[in-house]
Amino acid sequence: MNSFIRLTIPARAEFIDVVRLTLFGIANKAGFSYEEIEDMKVAVTEACTNVVLHAYSNAQPGVVDIRFEIEEEGISIRIKDEGTSFKYEPASKSASLHDKELNEISAGGLGLFMMHALMDKVEVFSEKGTEVILTKLFGRKEEMA
Ligand SMILES: Nc1ncnc2c1ncn2[C@@H]1O[C@H](COP(=O)(O)OP(=O)(O)O)[C@@H](O)[C@H]1O
Ligand SMILES: [Mg+2]
C-alpha cells in the first residue's frame with residue numbers, strides 16, 4: 001500500500017528549509033543514498049522556489065502543498081500551488097543542456113532543466129495553479145559515476 005506524507009507551507013523562501021528537512025527524513029527512511037537525497041533536495045528546492053517567485057505575489061500570497069509518496073519503484077514528490085499558471089513546454093525543457101549553445105540558455109529556465117537532470121521523471125501540469133511531480137527511482141546508479 002502506498003503511503004503519503006503531506007506538508008503545507010506558506011509560499012515564502014524561509015520555509016523551504018522545512019521541506020528539505022522533511023524530504024531528508026522521508027528519503028533516508030526509504031533507503032536512498034545521501035547523494036540521491038542531495039539531488040532530490042536541489043530539485044525540490046527549485047520547484048518550491050518557483051512557487052515562491054512565480055506563482056504568488058505580495059498582493060496575492062499563498063501556500064505550497066508538498067506531498068511525498070513512497071511507491072514500489074521509488075519516491076514521488078508533488079509540489080502544488082494555486083497561483084498564476086504558465087505554459088509549460090515539455091519538449092524543450094526535457095532536452096539536454098549539452099545540445100545547447102551557451103547563448104541559447106536563457107537566464108530563466110535553468111530550474112526546470114535541473115529538475116530533469118537530477119530526477120528520473122518530471123511532470124508539470126499548469127492550469128489552475130501548477131503541479132510539479134518529481135520522481136526518483138530506487139537503486140539507480142548515477143550515469144557518470
Ligand atoms: N509554480 C510556478 N508557477 C508559475 N510559473 C512558474 C512556476 N514554475 C515555473 N514557472 C514558470 O516557468 C519558468 C521557468 O522556470 P525555471 O526553469 O525554474 O526558471 P526561472 O525560475 O529561473 O525563471 C519561470 O520563469 C516561470 O515563468
Ligand atoms: Mg526557477
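Both counts, for ligands and for their atoms, begin at 1 and track the order of listing. Below, each value reflects all heavy atoms present in this structure, side chains not excepted, and no hydrogens, waters or symmetry copies. Position 1 is the first residue of the sequence; numbering continues from there.
Neither the backbone nor the side chain of Thr49 has a heavy atom within less than 4.0 Å of ligand 1.
At distances below 3.5 Å, not a single donor-acceptor pair connects side-chain atoms of Ser76 with backbone N or O atoms of Leu134. Without hydrogens or angle criteria, Lys136 side chain to Leu118 main chain gives a donor-acceptor distance under 3.5 Å.
For the Mg ion (ligand 2), the N/O/S atoms of Asn50 include one lying under 2.8 Å.
No continuous path of ILVMFWY side-chain contacts below 4.5 Å connects Met114 to Leu137, so the two sit in separate hydrophobic clusters.
Polar contact with ligand 1: absent for Ser85 (N/O pair, distance under 3.5 Å). Every N/O-N/O distance between Phe86 and ligand 1 stays at or above 3.5 Å. Backbone and side-chain nitrogen or oxygen atoms of Glu46 are examined, and none is located within less than 3.5 angstrom of a nitrogen or oxygen of ligand 1.
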Candidate pair Ile79 and Val19, rule side chain to side chain contact (heavy atoms under 4.5 Å, CB included), full reasoning: CA-CA 10 Å; Ile79 297 98; Val19 183; over 6 Å; no
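For ligand 1, the atoms lying closer than 4.0 Å to a non-hydrogen atom of Thr130 are 1 (N), 2 (C), 3 (N). Close approach to Leu112 involves these atoms of ligand 1, each under 4.0 Å from a residue heavy atom: 14 (C), 15 (O), 16 (P), 17 (O), 18 (O). Close approach to Thr84 involves these atoms of ligand 1, each under 4.0 Å from a residue heavy atom: 3 (N), 4 (C).
Here the side chains of Tyr34 and Phe24 are in contact, with some heavy-atom distance below 4.5 Å.
Remark: of the listed residues Thr130, Asn50, Asp65, Thr130 is the sole one forming a side chain to side chain contact (heavy atoms under 4.5 Å, CB included) with Asp81.
In this structure, Phe4 has its ring center at least 6.0 angstrom away from the ring center of Phe68.
Ligand 1 lies within reach of Leu110, whose nearest heavy atom is under 4.0 Å from it.
Of the candidates Val132, Asn50, Val52, Asn50 brings a heavy atom nearest to atom 15 (O) of ligand 1.
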